[in-house]
Amino acid sequence: MSDKNEDAKAAAANQKGVIQTDRPKEIEHFGGPIGLDIGTTNIVSARARGASIQITKQLNAFFTVPASKITGMTLLKNDVLYFSQNGSYYIIGNAADTFANTFNTDTRRPVESGLLSAKEDEALNVIQSIIKTLVPPPKNQGELVCYSIPGEPIDTKISVLHHDTILKRTLQDMGYTAIAINEGFAVIMSELAEESYTGIGISMGGGMCNVCFSYLSVPVFSYSIQKGGDYVDTMVGAAVGESATRIKLIKEKELNLLKEPKNKIETSLSIYYEDLLESLILSIQRVITTSESVPRLSKPISVVLSGGTAMPAGVREKFEKLLKANRLPLQFSSVRMAEDPLNTTAKGALQLAIAEEK
Amino acid sequence: MAVPILVFSVDKTRGSLLLKIIENGGFKAKLFDNSHELEYAVRRRRPSIIVFDTKHYQSREFKIITSLHSRFHDAEIILFADPAEIPSFTSAGIKKDCCFSDPINPDDVTLKIREIHFIKNKAFLRIKTYFVFLAGLFAGTRDNPYIMFMKKIIMAAAVASAIAAGIAGGFIFYNMSDLPKVQMLESYVPFESSFLYTSDGVELAEFYLERRKFVSFYKIPKHVKDAFIAVEDAHFYEHHGIDFFRTSAAFINNIRAGNAVQGGSTITQQLAKMLFLTPEKSISRKIKEAAISMQIESRYKKDEILAFYLNQAYFGARSYGIEAAAQTYFGKKTEDLSVAEAAMLAALPKAPSVYSPFKDPKKAFTRRNLALKSMLDRGFIDTEVYAASIRKPVPEYIYRRKYAAPYFVEYIRNIMEQKFGDRLYTAGFKIYTTLDLNLQRKAERAVTNGAAALARAGMPGVEAALIAVDLNTGAIRAMAGGTNYHKSQFNRATQAMRQTGSVFKPIVYLTAFKNGYSPDDTIDDMAVSYLSKDGSEKWTPHNYTNKFYGRVTLRTALSRSLNAATVALANSIGMDKVIATARSIGVTSNIYPHLPSAIGVSEMTLIELTYAYTTFANGKRFEPMGYEKITDRYNIHVEDNAPKGVQAIDPANVSKMRDVLSAVVTEGTSIAAKSLNRPVFGKTGTTDSYKDAWFIGFDDNLTVGVWVGRDENRPIGEGMSGSHAALPIWINFMKEE
Ligand SMILES: Nc1ncnc2c1ncn2[C@@H]1O[C@H](COP(=O)(O)OP(=O)(O)OP(=O)(O)O)[C@@H](O)[C@H]1O
Ligand SMILES: [Mg+2]
């Protein structure tokens, strides 16, 4: 078991382009503002470190095992993050995945469809513990942390207020000044500086897709739809009779929407991706045409896609095609991928925190 | 801004949006979302502009608006309201052209605010200076000899009065003249750039008329402002819009010269000129300018005026405003400019094309240093900074966003400019080209690597070009016009006229085939002397190897590139027929009608030869095709450019051409191309003393032409024949990745 755990850590650390740490003692606090993306799948933090940005992340997941002395020792020895509660050990973050795999089941998640899970009693404890592994206590009282929250879902009555307030309190209790940033707007902050923060930012995550349209850095509208990578996994799984976990693996590893599907899983994946993208575009159309604030623009604007669900080859192209096929009152110059799709939100949050500090 | 703009909206988003739009236009504004605070603010300080958004405002009676309107007469109220409600506002006295409806149009807002700031203020209409009076006197009097005579006398008086008026602090006449109805700031009508895309839709380039970027005055560093003051208007902070001394001096000179030549303009006058007046150069315009200048000075702080000016000035290279200029000349933001760079820019607006460092670096350097000297003299910089700055070089080329395929972009731009004229830069066309970005990258790599290899072998400074054409459609798939676009924009693929050497020969053989020859027919390769037409000169073609080969087949003659045999062949069929063949496959350049042309002394471009070879490949002649379709800004088709091949060689002769051009590769001068392991066809070319090296050839898909040589037309290096210098680049490009 300890081997596997090391592997998982190594694997996480090897993810390209970012500095990965998953043990709290490795996090050196250089001070300065922090950007935090609390997603359905991952929690990502970003900090400026000289000219570059340091990214740290944990899976937003947990796994419980019965508490016992030996287990506790093993976990401690291997630097596995956990806390104990009601006779169980809650293994949190990246390690949860390793454990779930070993026991051949799924991890549990404190966030569902982008919002704090109502199903999990310990959701709050878990999320707070994970945040603490990524965000060390502030050096000075009142340091800035900017955390992402989803836009109001347009397809349900659920509000983000509860989610938002709880996160804010958590961070404030740690001694931070916490400011929220809409996830879609974070994409704009991170990717559209060159276009004077004008354009549409979309984050396609696990639990939801977040959309924001900003003009000269004013978020004119932002919202979310509660469909994302998880939706694709579940629907495809049900359609072909496979576990969602397996579908997720296949999807992340080899999905290419530019190619003709070769088997029923790929066919189904392409169907539900198409469905997801279509819902997304329809929602954009609906919101733009009903918004009272969208200005008339003489220049076409850019669309930026980010988030794990936007990553398969062909998503950008498919999106662009659908966008062109739908008549919208805005003109689009390009649809492009964010530079670092999994970390865009955290980076955008960091940008805002930095701007706010000045 | 001297006087604040107040924005009111109960809708947070719309309020912030309006605020940002106004700020983006270079103005300062304050946002209110409840009427008590607004009320408090207007009581503390008289507003100049109130932007009032009625959306979601609690009371539909809008007493607040009528009240603001009646209490602040000289404040302008800009309204956002439902179209149905607008009449009730206009009848309450709000100006109709200040009422807008959704959607919010940022350009409308910015324009309206500018207009109000510059034009629609009452004091402006009252300022009728003595100058204006004079302007009236001179208007429309050109043909009246009496007035023409009087003019001189009056002019002398005018100068004296002008000085007197200046000393008196601006003698103002009321209601006496008619300043031109100042036109709206046309320059702010947003033009739309045109875009160029690759065949698979990747953006290649943007064609714009002018680069305009606004920068707020607080972001302009002091040394930048100082540089402009030193150069343009040393007394800027002291005078009141017109420097009377300077103006009068200019007047006197103008009278002597008979018309206006010398600029006596202050920064404010120049701003007035840029904003409002047509660029006619006359005395009366100068007077109008002066009036407007005084007006501007009375309303704005010096720093603001300077910022207006810096944002409006033209710096050459299609860059308006200091921010765009900083980008164009240095790839920087205004705030990051050094002293030397600021001085360079300050030197430009007077005559952007004359002092352009891209045109005349020496002149620009001298003028830049003159600007630095003025800064030193006025104490803006110390001797240390001065000494360091005068040594800095001036920029060598326009700092551009680096486009992929720059030569191709320029090539298409030229075609489009001929087609659309200036509309290309304003009408928002989308031009879908035939370029394949992957092939393009390969082409650029092949060309730079080829030149680098030659440099390593002791031959620096050699240029190379490559063009790849889809031989089934005639579409240009890749084009490298040189090794470094930034160093030299001269396109050696389309513009360079060079002697062709043996790459011309296949045209002779095609002519032979058309006249009944076949590749297995034989011909003599031996020393024969030909007389020039007038019989005065004798010419004996020799082979590259300096040997003669006796009786050879046409195939061998071409594959070994034998000069003597080829000239003999051309001689027997006649050069006029060879030239006719060349024309029939698309060669348009001049061909000297005598025998040496058979072995390539006439000059041609790489692109026309590559298209000629495309005709060899499949019998069809194509016009060069660089784009597939063009749409306008509404995505409506403007032009579809379908491939238009014309049968120019019959199939039997096409296969004969393929036969001989394949022999070049399998047994002749280009045997190295065999390494590609697939059938390819082509021909090398080498000119006198190795000045040009060519290889043009094709496989099943592409015709690819490569040229290597020096721009100054000196030898590349000893032994640098087509197969040594050009073929490796060709092979490199044709290699599968
Ligand atoms: N390479 C990939 N290809 C396809 N999907 C991927 C890939 N990598 C990650 N994903 C999917 O992206 C989702 C996670 O993305 P991301 O980390 O951006 O979401 P999140 O921010 O945690 O969630 P949310 O924004 O919904 O709250 C998961 O559904 C995952 O399956
Ligand atoms: Mg996310």
Side-chain angles (χ1 to χ4, degrees), chain A residues 151-152 182 184-185 188 192-199 212-223 258 287-304 313-314 316-321 323-337 355 358, chain B residues 7 9-25 31 53-56 80-82 100-111 188-195 197 200-204 206 208 212-215 323 327 333 401 426 428 430 631-635:
Chain A
E152 291 289 347
N182 170 274
F185 188 59
I188 288 164
L192 286 176
E194 296 248 334
E195 278 103 320
S196 314
Y197 306 103
T198 297
C212 176
F213 166 54
S214 152
Y215 182 68
L216 297 173
S217 83
V218 179
V220 175
F221 64 71
S222 59
Y223 66 90
L258 293 172
V287 174
I288 288 184
T289 46
T290 52
S291 164
E292 297 170 332
S293 313
V294 175
R296 170 179 298 152
L297 300 184
S298 50
K299 279 217 170 130
I301 55 166
S302 302
V303 179
V304 182
R316 191 194 70 79
E317 287 79 354
K318 273 232 150 70
F319 184 92
E320 187 160 49
K321 216 170 124 205
L323 192 65
K324 289 217 169 108
N326 278 270
R327 284 256 157 233
L328 291 169
L330 291 176
Q331 287 188 49
F332 299 95
S333 57
S334 70
V335 175
R336 57 174 207 256
M337 283 299 295
K358 287 179 184 159
Chain B
V7 181
S9 177
V10 291
D11 183 308
K12 216 171 134 211
T13 304
R14 293 172 64 94
S16 324
L17 205 54
L18 288 167
L19 186 70
K20 262 284 146 59
I21 289 168
I22 294 166
E23 285 176 351
N24 197 48
L31 177 63
D53 179 19
T54 64
K55 178 94 25 163
H56 305 310
F80 278 88
D82 201 84
F100 298 105
S101 304
D102 281 356
I104 295 172
N105 185 336
D107 296 332
D108 284 352
V109 179
T110 320
L111 276 176
Y188 277 90
V189 173
F191 290 136
E192 215 169 293
S193 323
S194 290
F195 287 91
Y197 301 95
D200 47 359
V202 179
E203 185 187 318
L204 260 184
E206 178 181 1
Y208 50 80
R212 260 182 204 281
K213 271 192 180 152
F214 191 87
V215 58
E323 186 76 353
Q327 180 64 35
K333 287 177 170 309
R401 202 177 109 196
T426 57
K430 297 190 184 83
T631 64
D632 66 10
R633 69 170 89 183
Y634 309 107
N635 285 330

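Worth saying up front: this structure is predicted, and the values here are computed from it rather than measured.
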Quick one: what part of Asn105(B) sits under 4.5 Å from any heavy atom of chain A, side chain, backbone, both or neither?
both
Flag the pair Thr13(B) / Pro219(A) as yes when at least one side-chain heavy-atom distance between them is below 4.5 Å, and no otherwise.
no
Sorted by chain and number, sequence neighbours left out, ring-ring contact (aromatic ring centres under 6.0 Å, His included) with Tyr197(A) holds for none
By a 4.5 Å heavy-atom criterion (distance strictly below it), what part of Glu320(A) contacts chain B: side chain, backbone, both, or neither?
neither
Taking Val294(A)'s backbone N and O only, do any of them form a donor-acceptor pair with Arg14(B)'s side chain (distance below 3.5 Å, no angle check)?
no
Of all heavy-atom pairs linking Pro106(B) and Arg296(A), the shortest is CD-O, 3.0 Å
Rounded distance [0.5 Å steps], OG1 in Thr198(A) versus CG in Asn24(B)
8.0 Å
Shortest non-hydrogen contact from Leu17(B) to Ser293(A)?
CD2-O, 3.1 Å
Could you state the interatomic distance from CD1 (Ile21(B)) to OH (Tyr215(A)), rounded to the nearest 0.5 Å?
5.0 Å
Applying the side-chain contact (heavy atoms from CB on, under 4.5 Å) criterion to Lys20(B), which one of Ser217(A), Ser214(A), Pro295(A) satisfies it?
Ser217(A)
